[in-house]
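Single-structure report; data block below.
Computed from a predicted model, the values in this text were never measured in an experiment. Atoms within each ligand, like the ligands themselves, are counted from 1 in listed order.
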Amino acid sequence: MSVTVGIHDLAVATAGHTLALDALAAYNGTDPGKYRVGLGQDQMSVPGPDEDIVTMGAAAARAVLDRHGADGIRTLLLATESGVDQSKAAGVPVHALLGLPSTCRVVEFKQACYSATAALQAAAGLIARDRSERVLVIAADVARYELDSAAEATQGAGAVAMLVTADPAIAVLEHATGIHTADVDDFWRPNDSPTAVVDGKLSVEAYLDGIVRAWDDYRAHGGSPIDQIDRFCHHQPFTRMAVKAHRRLAEHVGVALDEGLIDVTTGYNRRIGNSYTASLYLALAALLDGADDLDGARVGMFSYGSGAVSEFFSLVVQPGYRSALRGAETEALLAARTPVDVARYRELHAGAALDSRFDVDTPVDSRGPFRFAGIRGRARRYAAN
Ligand code: HMG
């Protein structure tokens, strides 16, 4: 008997500071319209010295556990491309901060922005084997490019935690899925670099190639025809990219697609910036929180991770889903961020790369539930606030 699996709860976290892109535009002499309209971005979240993927991921997961408890959670999958260690999974300190039972496997998933989708599919597989299991999937990233680069305006930081269960309250994951992998050097981060290396134009083309190829594979594997998909969430490295993706898909399929079907999905990413693995799920959160009535709606999801892996899959929103949402909490988090000017943002950017050979105590700065306390004996230390 096939088990109905999907997203039972979804909570968001982001970094504690925010930079207005108008201020960045004024600083570097760019027309603000390029960022607001050309990229579709208004702000970016900026991590403080005591914030990283562990603190943001744990904060998002704390909200999920406060509502649902930890019973039945035997797996924590943390997806990130801004990992804080080459060996130890970032989910292990998250597991400790959350006080999860030791009878829980913890693994990190990596493939650029795509890996949260791989984690979601793996979670569905585990639950199909034992429907009493609940899997905590966390997507957390800090998007950091070089200062004064073309990509600088597309930075950001955020996390999404999802509780994946049988008979979910929010959305059921459909079986059909379309995949495409190609070895492309469009974006990557060498082991010795704190910032990503990117060929911006190539990355846009590789993304657009990924959507049509993943779509074709989705259809070849029994995915719904385009006219049976009610809404679309596309990965949003900057929100204008979702419009480009939507147009490319429409052109490929040969239909006129209504861009209104993606509008509401950009609400959080416009203010958070690129959060890599979390970005697609922030688009989903914005859709669920912002659209009127999605009971029974099928949502097409396009996940892209440079390098490059693409997946197109679909979700069906469950009747009564609104009672499981957290739109007011997410708005409060965004509003609580401290605005910084360009000088402070540049200081935070420059201070982010720490040399693990030196012990350091990180200044208390964030107001989230958890903080990165510093480095001792080359290991990162975390604490509750
Ligand atoms: P750029 O070269 O500075 O920008 O870099 P541009 O000149 O291409 O301009 C951008 C848009 O603004 C253009 O519109 C301009 O016309 C418009 P488009 O032609 O694209 O429709 N524009 C204006 N609009 C209104 N008023 C104005 C104005 N001036 C110009 N005054 C680029 C842009 C995205 C390449 C750069 O920001 C970058 O390299 N970003 C990082 C890479 C990236 O985000 N790639 C996206 C696809 S890859 C991906 O999604 C994966 C990723 O998330 C990571 C992962 O998977 O690991 C990045």
Side-chain angles (χ1 to χ4, degrees), residues 21-22 24-42 44-45 53 79-83 109-119 139-158 160 180-190 193 195-214 233-249 251 259 265-266 269-270 272-283 301-312:
L21 290 193
D22 282 0
L24 184 65
Y27 174 84
N28 62 24
T30 298
D31 180 335
K34 176 170 175 180
Y35 297 160
R36 279 187 184 273
V37 183
L39 297 179
Q41 290 302 128
D42 297 333
M44 62 168 84
S45 283
I53 55 160
T80 188
E81 67 175 280
S82 35
F109 274 44
K110 179 168 74 176
Q111 175 28 56
C113 304
Y114 164 72
S115 62
T117 299
D141 266 303
V142 176
R144 207 174 264 128
Y145 297 98
E146 273 183 34
L147 292 173
D148 306 315
S149 66
E152 184 178 17
T154 64
Q155 297 175 114
V160 170
H180 176 69
T181 292
D183 188 359
V184 187
D185 290 334
D186 63 327
F187 166 110
W188 66 103
R189 184 163 68 85
S193 175
T195 50
V197 180
V198 61
D199 179 338
K201 305 291 176 208
L202 177 64
S203 74
V204 169
E205 279 317 309
Y207 174 123
L208 294 175
D209 186 51
I211 192 168
V212 298
R213 290 176 183 263
C233 292
H234 305 298
H235 168 53
Q236 293 171 10
F238 49 92
T239 67
R240 189 77 191 152
M241 192 69 221
V243 177
K244 288 178 191 284
H246 211 54
R247 285 187 184 155
R248 178 62 66 91
L249 184 60
E251 187 186 288
E259 283 174 17
T265 68
T266 63
N269 286 319
R270 277 194 85 89
I272 288 175
N274 197 353
S275 58
Y276 293 155
T277 51
S279 156
L280 175 63
Y281 298 93
L282 280 168
M301 304 277 291
F302 176 59
S303 183
Y304 176 77
S306 286
V309 178
S310 303
E311 182 161 345
F312 195 102

Practice item. Return yes when at least one protein heavy atom is under 4.0 Å from atom 28 (C) of ligand 1, and no when none is. Key: yes

Exercise for review: Quick one: look up the protein heavy atom nearest atom 50 (O) of ligand 1 and list residue, atom name and how far away it is.
Suggested key: P237 CG, 3.0 Å

Exercise for review: Could you pull out, from A25, A143, A150, the option with a heavy atom nearest to atom 36 (C) of ligand 1?
Suggested key: A150

Review point. Of all the non-hydrogen atoms in the protein, which one sits nearest to atom 57 (O) of ligand 1, and at what distance?
Key: E81 OE2, 2.7 Å

Point to revise | Identity and distance of the protein heavy atom lying nearest atom 54 (C) of ligand 1 | key: C113 SG, 3.1 Å

Exercise for review: List every atom of ligand 1 that sits less than 4.0 Å from any heavy atom of K244, numbering the atoms from 1 in the order shown and giving each element.
Suggested key: 18 (P), 20 (O), 21 (O)

Check your understanding: Heavy atoms only: which of Y145, W188, Y207 is nearest to atom 58 (C) of ligand 1?
Key -> Y145

Practice item. Side-chain contact test, heavy atoms from C-beta onward, threshold under 4.5 Å: evaluate it for R189 versus V197 and give yes or no. Key: no

Study note, to complete from the structure: Value for CG (D185) from CG (L202), rounded to nearest 0.5 Å, stands at 8.0 Å

Review point. Regarding N269 and T239, is there a side-chain donor-to-acceptor distance under 3.5 Å anywhere?
Key: no

Study note, to complete from the structure: Closest non-hydrogen atoms of A25 and P32, given as atom of the first, atom of the second and distance, are CB-CA, 3.9 Å

Check your understanding: Which of the atoms of ligand 1 are close to D31, meaning less than 4.0 Å from one of its heavy atoms?
Key -> 31 (N)

Review point. By number and element, which atoms of ligand 1 are closer than 4.0 Å to a non-hydrogen atom of G33?
Key: 24 (N), 25 (C), 26 (N), 27 (C)

Check your understanding: Within the structure, does at least one protein heavy atom fall under 4.0 Å of atom 47 (C) of ligand 1?
Key -> yes

**Study point:** Pair S275-D141, side chain to side chain donor-acceptor pair (under 3.5 Å): steps then yes or no
**Key:** CA-CA 5 Å; S275 58; D141 266 303; over 6 Å; no

Review point. What protein heavy atom sits nearest atom 51 (C) of ligand 1, and how far off is it?
Key: S306 OG, 3.2 Å

Revision key, fill the gap. Ranked by distance from atom 33 (C) of ligand 1, the top protein heavy atom is L39 CD2, 4.2 Å

**Study point:** Short N-O contact, R248 and E205, less than 4.0 angstrom
**Key:** yes

Practice item. Name the orientation class of the two ring planes belonging to Y276 and Y145 (parallel below 30°, tilted from 30 to 60°, perpendicular beyond 60°). Key: perpendicular

Check your understanding: Under 4.0 Å from any heavy atom of A112, which atoms of ligand 1 are there?
Key -> 55 (C), 56 (O), 57 (O)

Point to revise | Minimum heavy-atom distance between F302 and L280, given as atom pair plus value | key: O-CD1, 3.5 Å

**Study point:** Part of R36 with heavy atoms under 4.0 Å of ligand 1, whether side chain, backbone, both or neither
**Key:** neither

Exercise for review: Taking atom CD of E146 as the centre, report whether more than 12 heavy atoms of other residues, nucleotides or ligands fall under 6.0 Å from it.
Suggested key: no

Review point. Looking only at non-hydrogen atoms, which of S82, G40, S203 approaches atom 45 (N) of ligand 1 most closely?
Key: S203

Practice item. State whether D186 and K201 are salt-bridged, where the test is any N-O pair (Lys NZ or Arg NE/NH1/NH2 against Asp/Glu carboxylate O) under 4.0 Å. Key: no

Check your understanding: So do T154 and Q236 actually touch side chain to side chain, heavy atoms under 4.5 Å?
Key -> no

Point to revise | Distance filter under 4.0 Å to Y304 heavy atoms, resulting ligand 1 atoms | key: 48 (S), 49 (C), 50 (O), 51 (C), 56 (O)

Review point. Any nitrogen or oxygen of K201, main chain or side chain, under 3.5 Å from a nitrogen or oxygen of ligand 1?
Key: yes

Revision key, fill the gap. Nearest non-hydrogen contact to atom 12 (O) of ligand 1 from the set A153, A308, G38 belongs to G38

Check your understanding: Looking at T154, which atoms of ligand 1 are within less than 4.0 Å of one of its heavy atoms?
Key -> 37 (O), 40 (N), 41 (C)

Exercise for review: Classify the contact between R240 and ligand 1 as side chain, backbone, both or neither, using a heavy-atom distance cut-off of under 4.0 Å.
Suggested key: neither

Point to revise | Closest approach of Y114 to S303 (non-hydrogen atoms, all atoms of both residues) | key: CD1-OG, 3.4 Å

Check your understanding: Going by the order shown, which atoms of ligand 1 are within less than 4.0 Å of some heavy atom of G305?
Key -> 56 (O)

Review point. Just heavy atoms, cut-off under 4.0 Å: does F238 contact ligand 1 by side chain, backbone, both, or neither?
Key: side chain

Practice item. Would you mind listing which atoms of ligand 1 come within a distance below 4.0 Å of any non-hydrogen atom of V198? Key: 42 (C)

Revision key, fill the gap. Atom 35 (C) of ligand 1 has as its nearest protein heavy atom G200 CA, 3.6 Å

Practice item. Answer yes or no for atom 16 (O) of ligand 1: protein heavy atom present at a distance under 4.0 Å? Key: no

Exercise for review: Would you mind reporting whether H246 and H234 have side-chain heavy atoms less than 4.5 Å apart?
Suggested key: yes

**Study point:** T117 side chain to Y281 side chain, donor-acceptor N/O pair below 3.5 angstrom
**Key:** yes

Practice item. Please indicate whether any nitrogen or oxygen in K34 is less than 3.5 Å from any nitrogen or oxygen in ligand 1. Key: yes

Check your understanding: What pairs with H180 under ring-ring contact (aromatic ring centres under 6.0 Å, His included), at least two apart in sequence or on another chain?
Key -> none

